[in-house]
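Working notes, beginning with the structure itself.
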Amino acid sequence: MNTMVETDIPEITDSVARAKSDVVKYGVAILSGVLAPEKFAELREAVYREAEGDRRAGNTEEPYFADAMIGAASQRVWNLPSRGQIFCELVEHPVVMDFVESFVEGSPRLSTFSANITLPGSDMMYLHADQGTNPMPWGPAPHGLNFIWCLDDFTEETGATRIVPGSHRLRRSATMEEMMGPTVAIEAPAGSLIVMESRVWHKTGANVTTDRKRAAILGFYSMDCYMPNENWWLCLSPVVRQSNQTSLLQLMGFRSDSPLGRVHGRPAI
Ligand SMILES: O=C(O)CCC(=O)C(=O)O
C-alpha cells in the first residue's frame, strides 16, 4: 500500500506567513534567514563541543532506542538547556514562539531540546510521528511542533530528515508495512530552520558519506497534557532551575499556567 499523499515538499522560504501555510499544507516548512550568521556559528561550535565532551565521557555508549534500524546510530546530545545560556535563549526564539502559539493548543511545554548528529556510516531511524505515543484517533490539529535547526547542510547523503509528505492528514501512526515505504529527504542548507508538525511520519536519514557529519538541534514543543520526551524535573541543571527565566521554566513544566502540574494548587515557581 502506498500511503504517500503528496509527492512534493515545500520550497525554502524566508516568509514566516508562507511557512505557516506550508506547515498546514505539507506538514512541514523550510525557513531561511532566521539565525544571524554569528549566532549560527556559535551554536554549531557549542553543539560539536558538547558532542565531543559526551563522547569522551562515555555518554554515547547507549544509543537512543529508535535511532538505528540495523547499523550504527547517530549521536544524540541531550538536555541542551543545561549546557549553556545560548541554548536557553534559542528555546524561546521569537519565530519559534510565534509558530507554537499558532499551532499548539493551550499551554505549550518543551518536550525535548537536544541535538542529533548523523555520523559517516550511521543508519536511518525508525519511521515515526512525534505524537506517536499519544492516544489515537488523532484530531484535526497537531499536538506539537518540531523545530529542526540545521547546523550543517541537510542532503540526501548526509542523512537529511526524511518524511512521508502529506502523512499528517492520515491522523495516525504508520503500520509496520508503511514504515518500510518510500520517504523524501528534506534537503536544506546549513542555517535553515525546518518546522514540522507532530503528525508527520519522519525519520533521520542514513549518512552514506565517509567524512561528513550532519548536526541539528531538535526542539519539540507539545501540549501540556503529554509527558515530555526529556524529564526536565530530573535532568535540568540547578543553575537554570534556580534562575529567574520564568517563561523558560514554565515551558519546562516548573511553573504552571494551566490546571496541570501545580503544587498545593499553586503555579509553583
Ligand atoms: O535528526 C533528525 O533528522 C530527526 C530526528 C527525529 O526524527 C526525532 O528525534 O524524532
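Just so you know, ligand 1 is whichever comes first in the structure, and atom 1 is the first atom listed for that ligand. Residue indices begin at 1 and follow the sequence shown. It should be emphasised that the depicted structure is a prediction, and the values quoted were computed from it without experimental measurement.
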Residue pair Asn116 / Thr204, side-chain donor-acceptor N/O under 3.5 Å
yes
- Phe99 versus Tyr221: any side-chain heavy-atom pair under 4.5 Å? no
If you scan protein heavy atoms around atom 6 (C) of ligand 1, the nearest is Met125 SD, 3.6 Å
In ligand 1, the atoms that come under 4.0 Å of a heavy atom of Asn116 are 1 (O), 2 (C), 5 (C)
One finds that the ligand 1 atoms under 4.0 Å from a non-hydrogen atom of Arg214 are 1 (O), 2 (C), 3 (O)
If we number the atoms of ligand 1 from 1 as shown, the ones under 4.0 Å from a heavy atom of Leu218 are 5 (C), 9 (O)
query: Are His128 and ligand 1 in contact, using a heavy-atom cut-off of under 4.0 Å?
result: yes
| said: Just by distance, no angles: are the side chains of Thr112 and Glu230 close enough, under 3.5 Å, to form a donor-acceptor pair? | reply: yes
shortest atom 5 (C) of ligand 1-to-protein heavy-atom contact is with Thr204 OG1, 3.4 Å
Correct closest heavy-atom pair for Leu119 and Ala73 would be CD1-O, 4.1 Å
The protein heavy atom nearest to atom 9 (O) of ligand 1 is Arg76 NH1, 2.8 Å
Item to complete: Look only at interatomic distance and state if Lys203 has a nitrogen or oxygen under 3.5 Å from any nitrogen or oxygen of ligand 1.
Response: no
Taking every heavy atom of Arg55 against every heavy atom of Gln75, the minimum-distance pair comes out as N-NE2, 4.2 Å
* Tell me, please, whether Tyr226 has Arg109 positioned over its six-membered ring: NZ or CZ under 6.0 Å from the ring centre and within 45 degrees of its axis? => no
shortest atom 3 (O) of ligand 1-to-protein heavy-atom contact is with Thr161 OG1, 2.6 Å
